[in-house]
Amino acid sequence: MTEAVTIARDGEIAIVTIDNPPVNAMSFHVREPLMAALNALRDDASVAGIVLACAGRTFVAGADITEFGKPMQQPELRDLIAALETLGKPAVAAIHGTALGGGLELALGCHFRVAEASAKLGLPEVKLGILPGGGGTVRLPRLVGPIKALDMIVSGTPISAKDALASGLVDAIDEGDLVAKAVAFAREQAKSGTPPVAVRDRNNLIENADLAAFDARAAELAKKARGLEAPVACAESVRNALTLPFDEAQAKEREIFAKLVAGDQSKAQRHLFFAEREAAKVPGVGKDVKPREIARVGIIGAGTMGGGIAMAFVNGGIPVTILEMSREALDRGLGMIDKNYAISVSRGSLTEEAKAKRMAAFTPTTDYADLADCDLIIEAVFEEMSVKKEVFGKIEAVAKPGAILATNTSYLDVNEIAASTSRPQDFLGLHFFSPANVMKLLEIVRGAKTAPDVLATALAVGKKIGKVPVVVGVCHGFVGNRMLGARGAETEPLLLEGATPDQVDKVFTDFGWPMGPFQMWDLAGLDIGWRNRKAQGKKAIIADTLCEQGRFGQKTGRGMYLYESGSRTPTPDPEVAALIEEKAKELGIERREISSQEIVERTFYPLINEGAKILEEGIAARASDIDIVWVNGYGFPIGKGGPMFWASLEGFGKIVERLDYWYARTGKEIFKPAELLRKAAETGKLADAA
Ligand code: T1G
């Protein structure tokens with residue numbers, strides 16, 4: 001193993017290099033030798049200044065998250081930062097890759113920062129449910145000002161080196177040899193004879209800070225916290241930097257950090273950080289499996305899904321040949337895409353030039369032969385097996401050898417479609433979520449015969465276009481939609497038995513979902529579910545009746561709720577309440593008071609139970625994969641870590657006991673506890689498979 005910290009000399013300048021692959025996290029085995037190095041260099045009179053650099057692909061990307069929750073071994077990060085500040089000679093950070101979290105805080109302990117032009121700098125701790133605990137909330141405002149610091153810390157979004165230079169976070173940008181530039185910078189500072197000023201001693205940007213403006217901005221940001229503690233705590237800690245002496249503010253930062261890091265929300269968000277990375281590790285698809293090159297993608301269908309998927313690839317830098325049955329359908333689809341980009345331009349998130357470049361990346365056609373040069377061909381046509389098979393017949397006739405064929409089906413049997421082609425080994429499902437150019441989740445549906453390198457390709461291209469890919473098995477609805485069915489099975493019975501739509505929705509929004517099931521019905525359109533139920537010969541007495549009355553939801557101004565003249569704000573509708581009572585009477589159902597806890601037990605618990613069944617059947621490889629599906633595809637609150645993580649907080653024993661109760665009372669399969677869940681109730685831990 002290479003040494004984690006080495007010292008080289010360039011004359012009177014010492015170059016300290018951290019080498020802790022893969023991201024130079026500030027693990028204990030880095031902190032200890034780094035402290036020794038700094039102490040030695042402080043006392044070495046032949047050293048006039050130091051450069052702090054990193055080997056590998058990035059500057060320090062943060063504290064070592066795997067150390068959280070364990071006793072902190074000394075020295076701590078803040079001791080290293082203090083050692084840099086009191087070095088008595090200029091310390092210059094040489095930043096490449098991503099200086100994040102504790103990595104940026106370490107750089108803030110240096111007197112100067114030189115960054116590579118492509119570097120990114122940020123304090124993303126809020127995404128882990130914590131705050132910068134190494135002095136970031138008290139030093140950053142001293143360099144970039146209160147509001148910029150507040151925005152960076154509460155959003156957790158890194159900024160570019162260019163932005164960092166403009167805001168005073170870095171002192172110089174380098175295009176060539178970063179370390180050489182940093183050495184020259186340190187030499188110049190040392191020669192100046194001016195004692196270097198530590199960031200902690202720079203107060204001009206925070207003295208007489210406009211607290212009213214700060215508080216107004218903080219209040220605006222707090223509205224988006226949606227029940228998460230960390231964003232609000234981040235703002236509080238930055239405010240302390242404006243109103244308290246440095247050491248007092250830093251001490252308060254430590255207190256807030258200690259509270260957050262021990263809390264359930266941070267445990268949930270750290271769980272999701274590692275879960276997302278685990279999801280990319282697929283059994284049978286090791287790092288040695290080489291993905292195929294995807295230079296061009298073919299999309300069949302330019303409707304809502306096809307158009308969104310096409311945008312996702314073009315936005316990720318991959319040109320798309322998009323095919324429809326007619327020129328009119330193509331023009332409609334491309335018109336929708338153009339309109340979407342125009343909205344981004346009007347919002348300032350896309351330039352006109354970038355929009356034009358993206359529009360040029362679409363090659364429209366009505367001729368399947370034009371798909372011959374595509375490396376991946378995805379169909380997003382009508383959700384009907386015979387239609388899918390017919391489309392793949394036409395694709396097969398032109399697709400080049402080695403081209404990967406994918407279906408975007410939400411429910412249909414991927415193996416059956418694969419078997420209708422001559423290349424099931426090159427076939428899989430790529431299940432995008434609408435709007436496909438926005439939603440992060442990509443369910444990669446592994447067919448029985450899908451080759452490992454086809455899966456590796458789907459994972460790689462999914463990550464390249466900014467998706468969060470999860471490999472799932474073949475069953476009705478795969479992981480997400482199958483569990484959605486279990487979560488929604490009792491929503492109408494709850495209404496008929498006495499709950500109101502807004503009562504059910506409030507249980508969901510109080511839990512942290514962006515909206516409840518009935519608000520979601522109105523947003524998506526009740527007619528979509530109505531069409532699917534009719535195709536499957538199923539009934540939903542309330543929703544079907546509303547659809548027969550033309551009440552499709554927001555698009556018709558009335559659905560489960562009323563929407564006053566085009567507003568999207570739902571208002572409870574007495575007519576719907578009367579309809580529910582009338583149907584309950586027809587069915588002889590005695591209505592009663594229904595508690596919020598009962599709503600949780602008849603919606604969230606079946607969701608978890610179905611997840612356990614999916615694990616038992618091997619449709620998902622890990623419980624944490626299911627969490628990633630739900631957080632990225634269905635708005636499960638990140639502060640609760642996904643359904644399976646939340647179940648561990650709720651208590652497996654309590655969940656099984658209540659599922660048993662509802663199963664005994666209703667006999668419904670969704671309540672019959674999965675064996676894996678019963679085992680978890682005994683052991684306290686949910687295994688990943690039976
Ligand atoms: N600690 C431990 N392991 C980490 C890590 C970290 N900070 N960052 C990444 N890894 C692992 C990751 O799990 C994966 O492991 C491998 O490195 C490659 O990561 C006091 C308290 C830097 C942008 O939040 O955002 O500092 O799967 O797949 O896509 O205020 O990693 O290979 O076994 O993500 O190229 C703040 C987290 C910490 C940054 C690179 N810092 N990391 O992305 O690679 S809290 C962060 C990232 C903190 C201080 C506080 C990304 C990346 P494996 P990867 P990537």
Side-chain angles (χ1 to χ4, degrees), residues 4 18 20-31 54 56-70 72-73 75-82 95-109 118-140 149 152-160 230 233-234 237-238 250 253-263 266-267 269-282 285-287 440 459-460 462-469 622 624-625 628 638:
I18 294 167
N20 182 28
V23 296
N24 289 313
M26 283 306 286
S27 313
F28 169 66
H29 65 265
V30 173
R31 298 198 304 272
C54 284
R57 60 190 166 112
T58 178
F59 191 76
V60 174
D64 183 341
I65 307 172
T66 63
E67 291 181 354
F68 290 172
K70 298 170 191 160
M72 177 59 77
Q73 292 172 283
E76 295 189 39
L77 177 64
R78 55 177 169 166
D79 304 321
L80 290 162
I81 293 168
I95 296 170
H96 73 293
T98 52
L100 298 173
L104 180 54
E105 290 172 307
L106 193 67
L108 290 174
S118 58
K120 291 199 176 309
L121 303 90
L123 294 174
E125 289 87 338
V126 69
K127 293 179 181 170
L128 297 170
I130 49 180
L131 55 64
T137 65
V138 280
R139 285 189 180 83
L140 189 63
M152 282 182 67
I153 292 169
V154 171
S155 70
T157 308
I159 62 173
S160 66
C234 284
S237 195
V238 176
Q250 184 163 248
E253 178 192 88
R254 296 294 306 164
E255 280 168 32
I256 299 170
F257 177 88
K259 182 169 166 290
L260 289 173
V261 79
S266 180
K267 286 176 189 157
Q269 290 175 258
R270 293 182 336 243
H271 159 74
L272 291 171
F273 173 84
F274 289 113
E276 186 177 318
R277 286 150 182 82
E278 278 308 296
K281 295 170 190 166
V282 177
V285 185
K287 284 202 158 89
K440 299 293 255 181
L459 286 161
K463 190 168 178 181
K464 176 173 168 59
I465 63 173
K467 297 301 177 191
V468 176
R622 314 172 185 87
S624 60
D625 286 3
I628 292 303
I638 58 170

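Whatever order the structure lists them in is the order used to number ligands and atoms, beginning at 1.
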Per-residue contact class, Leu128 against ligand 1 - non-hydrogen pairs under 4.0 Å: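 For Leu128, only side-chain atoms sit under 4.0 Å from ligand 1.
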
Region of Leu77 engaging ligand 1 - heavy atom pairs below 4.0 Å: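 Side chain only.
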
Contact atoms of ligand 1, heavy-atom distance to Pro132 under 4.0 Å: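 What qualifies from ligand 1 is 30 (O).
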
Would you say ligand 1 has an N or O under 3.5 Å from any N or O of [X]?
X      : result
Leu100 : no
Glu125 : yes
Ile130 : no
Arg277 : yes

Which is closest to [atom] by heavy-atom distance: [options]?
atom                    : options                : value
atom 42 (N) of ligand 1 : Phe273, Phe274, Phe59  : Phe273
atom 36 (C) of ligand 1 : Gly101, Pro158, Gly134 : Gly101
atom 48 (C) of ligand 1 : Ala63, Ala280, Ala25   : Ala63

Residues which pass side-chain contact (heavy atoms from CB on, under 4.5 Å) with Thr58, listed by chain and number, not counting sequence neighbours: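 Testing Thr58 for side-chain contact (heavy atoms from CB on, under 4.5 Å), a comparison that skips the adjacent residues, returns Val23, Thr98.
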
When you measure from [atom] to every protein heavy atom, which one gives the shortest distance, and what is it?
atom                    : answer
atom 35 (O) of ligand 1 : Arg57 NH1, 2.6 Å
atom 16 (C) of ligand 1 : Pro22 CG, 3.6 Å
atom 29 (O) of ligand 1 : Lys463 NZ, 3.2 Å
atom 1 (N) of ligand 1  : Ile65 N, 2.9 Å
atom 20 (C) of ligand 1 : Glu105 OE1, 3.6 Å
atom 22 (C) of ligand 1 : Ala61 CB, 3.5 Å
atom 53 (P) of ligand 1 : Lys281 NZ, 3.6 Å
atom 4 (C) of ligand 1  : Val23 CG2, 4.1 Å

Close approach, Gly136 and ligand 1, non-hydrogen under 4.0 angstrom: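 Heavy atoms of Gly136 never come under 4.0 Å of ligand 1.
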
Under 4.5 Å between any side-chain heavy atoms of [X] and [Y], yes or no?
X      : Y      : answer
Ile81  : Leu108 : no
Val261 : Arg270 : yes
Val60  : Cys54  : yes
Leu106 : Leu80  : yes
Leu260 : Leu131 : yes
Met26  : Glu105 : no

Mind listing the side-chain donor-acceptor pairs of residues 271-278 below 3.5 Å, one per line with the distance, residues two or more places apart or on another chain?
unit_1: His271; atom_1: NE2; unit_2: Asp627; atom_2: OD2; d: 2.8
unit_1: Arg277; atom_1: NH1; unit_2: Phe273; atom_2: O; d: 2.8
unit_1: Glu278; atom_1: OE2; unit_2: Lys281; atom_2: NZ; d: 2.9

Positive for side chain to side chain contact (heavy atoms under 4.5 Å, CB included) with Pro124, one of Leu104, Leu100, Thr157: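 Result for side chain to side chain contact (heavy atoms under 4.5 Å, CB included) with Pro124: Leu100.
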
Sidechain N-carboxylate O distance under 4.0 Å for Arg78, Glu253: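 A salt bridge is absent here (no side-chain N lies under 4.0 Å from a carboxylate O).
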
More than 12 heavy atoms of other groups within 6.0 Å of Lys120 NZ: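 Count not over threshold, so no.
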
